[in-house]
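Working notes, beginning with the structure itself.
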Amino acid sequence: MEALLQNQVIEAISVALGKVKESGELSIATIPSIFVEPPKRPEWGDFSSNVAMTLASQVRQSPLKVAGVLATGLRAQFPELFVRVDVAPPGFLNLTLHPIRWMQVLQTIQDNGSSFGVSSIGKGKRILLEFVSANPTGPLHVGHGRGAALGQAIATLLEAVGFTVSREYYINDAGRQLQLLGRSVYARYREHCGESSTFPEDGYHGDYIKTVAESVARTHGRALLDSPSDVAETRCAQLASQILLDRIKEDLVTFGVDFETWFSETSLHSKGLIQQALDELRQKGLLTQEEGAWWFRSSQFGDEKDRVVQKQDGSYTYLAADIAYHRQKLERGFDTLINIWGADHHGYIPRMEATVQAFGYAKETLRIVLVQMVSLLRGGEKVEMSKRAGEFVTLREVLEEVGSDAAKFFFLMRRADTHLDFDLELAKQQSSDNPVYYVQYAHARLASLFRVAQERQVNLPAIQDVEQTLLVQDEELGLIKTLSQYPFVVEVSATALEPHRLTFYLQELAAQLHAYYNKNRVLPSVESVGKTGDAGRSNELESNGKASELEQEHAYECIQPALTAARLALLRQVQTVICNGLTLLGISAPEKM
RNA sequence: GCGCCUGUAGCUCAGUGGAUAGAGCACUGGCCUCCGGAGCCAGGGGCCACAGGUUCAAAUCCUGUCAGGCGCACCA
């Protein structure tokens, strides 16, 4: 695989460099670290290195001269590895491998199968990933959907590169929002029972509140009317949040997003963890009392000012609960905490970073991914939403309309910190305009090819059993090189917490596949199946050199079994990588569409 | 006023300090006797917001300006 090829190239450069240093041809004091990367243009070769340019000032020679010396060394010392070593201004070293070297990529993919792309760079380090964490005061909307898709994809990616990830949902089941929910539901409940009611001014207006109130009425009859209103409201809050949380859980299951733990804010209060956390801060001298309130001295850790954690009336602020929650997370022994937050919470980051440091952990222990807003469009027209008036499109509605595969792909198509336009019509569309179908179709198309092959009694060969020298077209090498990038893409997507890199990669791979498949015949046509046999095969091997010309002119008649076999084996690996990539994103790789 | 994020093709956006900045959509014109046309090929489109700086090399890093979004509670 490429990591291997890439390392071989780096090793070769390093050897050549050492030799030049030894001979004194260039006066190199320290050998710099060497990087190679695939160049932007294929005609520049398979790998390029900027080592000559970084070395130039040190050895007081022009970059071109340095590159020239290295090129000569590489040509002489590694003739079996490189077919070409070029120097390009301003001092690039462009390296082209013998095509056959690339074939080991296909072998690696076949050997690893569904685990091609996984690695162990995470070294089993434990990560707690907290995401969604929507208040149980209403259904999930599209914004939560984006957070859910992103969190799930990040978790899967991190696991693929060797981290141990625990997914957690923090339930804000204490505090004012919940009180407000209780009052809203109680008002609707009274209405439902035919009693007078005053709906709270800043209450929740959505229709779902009525549904929840009716549900309460079904299970409790008119019993709550006998209680004092504050008791009834508290009861309503409990019942409603449970009903809504159950619904959130259902939606997440439908969406294919799962959590190991559901962490309740209430449990922080009931176990005295908030007081414990504040006591610890007090001991460290990070808590001061002023104007009757207790302040966390977060400004000592870069926050712009100190923050109140316990109010004059003795009650805790939301921050106090979050401090206790994050202390609790840290004490569970995770190496890194990752939080996925809506971008409107960004002002909160400095105080949480301060919290982590206050408890003696490095700032980098906490990583926060901000997710920007989603604008919902329908055929290019913006769908207006107002959470205040309860008019918003729920995640469930979106899933019912476009399906969870399309929803996930759209949510993961953009970098998290940019606004996302989500066009419902486009997501539903079954055409090339729709990137989800484009990628899935590539997979299904190959599955179909293999089905047809089987129907026609054409074997699906293993890569080691085919004539790999037949796969030397530019498009074939291009596909293989793209395949070889896959583990690297997975690694970067995971460590940068940026799944969109993988969606872009998959679109690119699908495009290459479609282009190749459109141009090149793989299976013999039905009529010719009977005619070609073992005789045809030996014949073909002798006239290897002319095969590509022939196949252009008489693609359907002249495709030889050895070429069919080689292409099938190649395409099998393409299918594996598409499948692996989609799976990491939580999207299905259909056999048929 | 202060802070964070974002300014790249008509639109939506990719872009790891490297060479001639890319893709999709839209637009124009082609390609199905055949493995799935849910596809492919070709074309036009750019002062990478602007101005400085660092560097052999800047869309990318730094500073400033402008524009848009968001946030600045003893709310959650």
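So that the names make sense, note that chain A is the first sequence line, chain B the second, and so on, each numbered from 1. Only heavy atoms go into these numbers, but all of them, side chains included; no hydrogens, no water, no symmetry mates.
Nearest to the side chain of A/K311, among B/rG3, B/rG15, B/rC74, sits B/rC74. When distances run from any side-chain atom of A/H514 to the nucleotides B/rC74, B/rC40, B/rC75, the shortest one goes to B/rC40. Listed nucleotides: B/rG15, B/rG18, B/rU6. Nearest to the side chain of A/N50: B/rG18. For A/E291, the side-chain atoms get nearest to B/rC74 when compared with the rest of B/rA76, B/rC74, B/rA14. Counting only heavy atoms from C-beta on, A/T54 has its side chain closest to B/rG18 among B/rA19, B/rA14, B/rG18. The A/L449 side chain lies nearest to B/rC35 when the options are B/rC74, B/rC35, B/rC56. Of the candidates B/rC35, B/rA76, B/rC40, B/rA76 carries the atom nearest the A/Q177 side chain, counting heavy atoms from C-beta on.
Heavy atoms from other residues, nucleotides or ligands lying under 6.0 Å from CG of A/D474 number 12 at most.
Here the options are A/N50, A/L55, A/L17, the test is side chain to side chain contact (heavy atoms under 4.5 Å, CB included), and the partner is A/I34; only A/L17 passes.
Rounded to whole Å, atom P of B/rC25 lies 12 Å from atom CZ of A/F410. Put simply, CG on A/L426 is 13 Å from C1' on B/rC13, counting in whole angstrom units. Remark: C1' of B/rC56 and CZ of A/R60 are 14 Å apart, rounded to the nearest angstrom. Atom CZ in A/R501 sits about 14 Å away from atom C1' in B/rC13, given to the nearest Å. Taking atom CD on A/E498 and atom P on B/rC5, their separation rounds to 14 Å, with Å as the unit. In this structure, A/K40 atom NZ and B/rA19 atom P are separated by 4 Å, rounded to whole Å. The separation between A/E475 atom CD and B/rG39 atom P is 19 Å, rounded to whole Å.
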Fill in: Dot-bracket summary - RNA chain B, pairs being Watson-Crick or G-U whose distances fall under 3.5 Å, with | when paired to another strand
(((((((..((((....[...)))).(((((.......))))).....(((((..]....))))))))))))....
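For B/rC27 and B/rA67, the P atoms lie 35 Å apart once the distance is rounded to whole Å. Here, B/rG53 and B/rA59 have their P atoms 15 Å apart, quoted to the whole Å. Using atom P as the reference point in both B/rC4 and B/rG64, the two lie 10 Å apart (nearest Å). When the C1' atom is used for both B/rG17 and B/rA58, the distance is 7 Å, rounded to whole Å. Rounded to the nearest Å, the gap between the C1' atom of B/rG3 and that of B/rG43 is 47 Å. Comparing the C1' positions of B/rC13 and B/rG1 gives an interatomic distance of 33 Å, to the nearest angstrom. B/rC62 and B/rG18 are spaced 15 Å apart, taking the P atom of each and rounding to whole Å. For the C1' atoms, the distance from B/rA51 to B/rG10 is 27 Å, rounded to whole Å.
Along RNA chain B, the nucleotide nearest to A/H346 and the one nearest to A/H500 differ in position, and the one closer to the 5' end is contacted by A/H346. Two residues, A/R415 and A/E43, neighbour RNA chain B, and the one matched to the more 5' nucleotide by heavy-atom proximity is A/R415.
The side chain of A/R41 places an N or O atom within less than 4.0 Å of a non-bridging phosphate oxygen (OP1 or OP2) of B/rG22. Between A/T418 and the phosphate of B/rA14, there is a side-chain N or O to OP1/OP2 separation shorter than 4.0 Å. Between A/Y438 and B/rC40, a side-chain N or O to OP1/OP2 separation shorter than 4.0 Å is present. Residue A/R307 places none of its side-chain N or O atoms closer than 4.0 Å to OP1 or OP2 of B/rA73. Between A/R445 and B/rG37 there is a side-chain polar atom (N or O) within less than 4.0 angstrom of OP1 or OP2. Using a 4.0 Å cut-off, no side-chain N or O of A/K519 falls inside it from OP1 or OP2 of B/rC40.
Nucleic acid contact class of A/P39 (heavy atoms, under 4.0 Å, all strands): base. Here A/F450 lies out of heavy-atom contact (under 4.0 Å) with every strand. Among the protein residues, A/W44 comes within range of the nucleic acid bases, having at least one heavy atom under 4.0 Å from a base atom. Across all strands, A/S62 comes closer than 4.0 Å to no nucleic acid atom at all (heavy-atom distances). Base engagement by A/A88 is indicated by at least one non-hydrogen atom pair under 4.0 Å involving a base atom. Using a 4.0 Å heavy-atom cutoff across all strands shown, A/R176 reaches sugar-phosphate atoms only and no base atom. Here A/F488 lies in heavy-atom contact (under 4.0 Å) with a base. A/V452 comes within 4.0 angstrom of sugar-phosphate atoms only, judged by non-hydrogen atoms across all strands, and of no base. Heavy atoms of A/A442 sit nowhere under 4.0 angstrom from any nucleic acid atom. Within the 4.0 angstrom heavy-atom criterion, base atoms lie near A/Y517.
Judged by ring centres under 5.5 Å apart and planes tilted less than 30 degrees, A/Y318 fails to stack against the six-membered base ring of B/rC75. Aromatic stacking is marked for A/F92 over B/rA19, as both cut-offs hold: 5.5 Å for the centres and 30° for the planes.
Among all heavy-atom pairs drawn from A/G147 and A/F131, the shortest one is O-CD1, 3.6 Å. Here the closest non-hydrogen pair linking A/T564 and A/V522 is OG1-O, 2.7 Å.
A salt bridge links A/D46 to A/K481: at least one charged side-chain nitrogen sits closer than 4.0 Å to a carboxylate oxygen. A salt bridge does not link A/E498 with A/R414: none of the charged nitrogens is closer than 4.0 Å to a carboxylate oxygen. Here A/R415 pairs with A/D417 in a salt bridge; the nearest charged N to carboxylate O distance falls below 4.0 Å.
Using the six-membered ring where Trp is involved, A/F422 and A/F411 have ring planes that are perpendicular, over 60° apart on the 30 and 60° scheme.
Counting atom types as modelled, A/D344 pairs no side-chain N or O with a base atom of B/rG71 as donor and acceptor under 3.5 Å. With hydrogens and angles ignored, no donor-acceptor pair closer than 3.5 Å exists between the side chain of A/T317 and the base of B/rA76. With hydrogens and angles left out, the side chain of A/H345 and the base of B/rG71 share no donor-acceptor pair within 3.5 Å. Below the 3.5 angstrom threshold, one finds a donor paired with an acceptor across the side chain of A/N94 and the base of B/rA19.
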Discussion item. Go through it in stages, so that I can follow the logic: the residues are A/E304 and A/R351, the test is salt bridge (Lys or Arg N to Asp or Glu O under 4.0 Å), and I'd like the CA-CA distance, side-chain angles, deciding distance and then a yes or no.
Written reply: CA-CA 9 Å; A/E304 59 184 293; A/R351 61 195 91 165; over 6 Å; no
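Using modelled atom types and a 3.5 Å distance limit, the side chains of A/E476 and A/Y516 yield a donor-acceptor pair.
Between A/Y169 and A/F263, the gap from one ring centroid to the other reaches at least 6.0 Å.
Atom-to-atom distance recorded for A/L287:CG and A/R282:CZ is 5.0 Å, nearest 0.5 angstrom.
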